[in-house]
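Sequence lines set the chain letters: A, B, ... in the order given, protein chains first and strands last, and positions in each chain run from 1.
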2 protein chains.
Amino acid sequence: MRIGELARLAGVSTRAVRYYEQQGLISSRRSANGYREYDEADLRLVTEIRSLVTVGFTLRDARPFVECLRAGHETGGSCPESVAVYRRKLGEIDEQIRALLDRRAEVAAQLAEACPGCTLTREDPR
Amino acid sequence: MRIGELARLAGVSTRAVRYYEQQGLISSRRSANGYREYDEADLRLVTEIRSLVTVGFTLRDARPFVECLRAGHETGGSCPESVAVYRRKLGEIDEQIRALLDRRAEVAAQLAEACPGCTLTREDPR
DNA sequence: CTTGACCTTGACGTTGACGTCAACATCTAC
DNA sequence: GTAGATGTTGACGTCAACGTCAAGGTCAAG
């Protein structure tokens with residue numbers, strides 16, 4: 001299949017596909033006319049990248065997963081490097097959540113000071 | 001005082017102070033040699049901006065607070081426009097927290113699938 | 001033959017809040 | 001007088017992941 005179909009099936013833009021190639025995440029064969037040619041394995045790679053990016057992974061984070069799939073594993077997450085990224089990401093997310101909870105408390109406190117009673121309108125997100 | 005002292009007292013860079021001026025958040029008088037000259041009121045403005053930015057506000061968000069102080073109010077948050085920003089920010093933060101909690105659950109689920117037992121090492125951030 | 005859908009590379013634009021450098025002026029202290 | 005700290009404006013660099021042109025080549029259908 002060509003880049004348009006690949007992109008449609010994976011739910012990304014053709015620009016994104018070319019960008020992934022530029023970043024070394026995927027590769028491409030070329031047909032006689034110079035068009036990029038892809039197969040099912042490429043589709044799995046792009047789908048993996050997309051699903052990871054959707055939940056907040058960077059392309060750098062996605063690399064171990066892609067390499068894991070390329071190495072022939074069933075899923076991108078079944079290699080130790082991928083598991084390490086999973087664990088690191090969980091830590092980062094936990095830290096972000098903690099920071100946001102702190103910020104929320106800070107902002108709510110400032111609001112309460114500036115306008116007593118205003119705080120009652122929003123509930124605690126926990 | 002000049003820009004260096006102002007920046008030191010407020011805990012920002014001189015570059016940041018000039019940027020705030022460029023964005024119209026603060027103004028400056030000039031002494032004979034062309035140096036920017038500031039007073040205590042300017043320090044309060046920059047301090048207000050810094051404290052807001054620290055908890056995640058943009059400079060655009062900070063503007064009502066600065067104008068509130070300029071209008072002679074004791075605190076930057078005691079004007080209705082500032083309170084509106086507070087409330088909007090609280091909503092945004094709540095939404096970010098919800099999104100992060102969703103992401104965390106998603107990542108934890110993927111990790112659990114890729115490596116059963118690995119999930120036990122991190123605790124729930126709630 | 002020509003429209004139109006698809007492809008190519010290359011390169012600038014987006015977003016916010018500055019960092020960093022250039023090239024120069026000013027002032028203080030010794 | 002000179003070194004060093006400080007000030008000035010101007011302007012490009014940073015970060016991520018593409019979006020969005022520009023200017024063209026390729027190919028099937030009518």
With a 4.5 Å heavy-atom cut-off, do [X] and [Y] have their side chains touching?
X	Y	value
A:D61	A:R88	yes
A:I93	A:I97	yes
A:E37	A:S28	no
B:I3	B:Y35	no
A:Y38	A:V17	yes
B:M1	B:L9	yes

Using whole Å, report how far [atom1] of [X] lies from [atom2] of [N].
X	N	atom1	atom2	value
B:I49	C:dG16	CD1	C1'	15 Å
A:Q22	D:dA16	CD	P	13 Å
B:M1	D:dT6	CE	P	16 Å
B:Y19	D:dG13	OH	C1'	14 Å
A:Q23	D:dC15	CD	P	13 Å
A:D61	D:dA16	CG	C1'	12 Å
A:E5	C:dC7	CD	P	9 Å
B:I3	C:dC18	CD1	C1'	13 Å

> Are A:K89 and A:E92 close enough for a salt bridge, meaning some N to O gap below 4.0 Å?
Replying inline: yes
> Do NZ/NE/NH1/NH2 and the carboxylate oxygens of A:E21 and A:R36 come within less than 4.0 Å?
Replying inline: yes
> What string of B, S and - do you get for nucleotides 22-30 of chain C 5' to 3' if you count protein non-hydrogen atoms under 4.0 Å?
Replying inline: ----BS---
>> Rounding to 10°, can you tell me the angle the first-five-pair axis of the helix from C:dC1-D:dG30 to C:dC30-D:dG1 makes with its last-five-pair axis?
In response: 30°
> Only one of B:L90, B:V83, B:V85 forms a side-chain contact (heavy atoms from CB on, under 4.5 Å) with B:R87, so which one is it?
Replying inline: B:V83
>> Return the CZ to CZ distance between B:R70 and B:R44, rounded to the nearest 0.5 Å.
In response: 13.0 Å
> Base, sugar-phosphate alone, or nothing: which one does A:R30 contact when heavy atoms must sit under 4.0 Å apart?
Replying inline: sugar-phosphate
> Heavy atoms under 4.0 Å, any strand shown: does A:R36 hit a base, just sugar-phosphate, or nothing?
Replying inline: sugar-phosphate
>> I'd like to know whether CD of A:E95 has more than 12 heavy-atom contacts from other residues, nucleotides or ligands below 6.0 angstrom.
In response: no
Could you list the protein-to-nucleotides 19-21 of chain D atom pairs, N/O on both sides, closer than 3.5 Å?
from: D:dG19; atom 1: OP2; to: A:S13; atom 2: OG; distance (Å): 2.6
from: D:dG19; atom 1: N7; to: A:R15; atom 2: NE; distance (Å): 3.3
from: D:dG19; atom 1: O6; to: A:R15; atom 2: NH2; distance (Å): 3.2
from: D:dT20; atom 1: O4; to: A:R15; atom 2: NE; distance (Å): 3.1

>> What's the closest nucleotide to the side chain of B:T58 if the choices are D:dA17, C:dT8, C:dA17?
In response: C:dA17
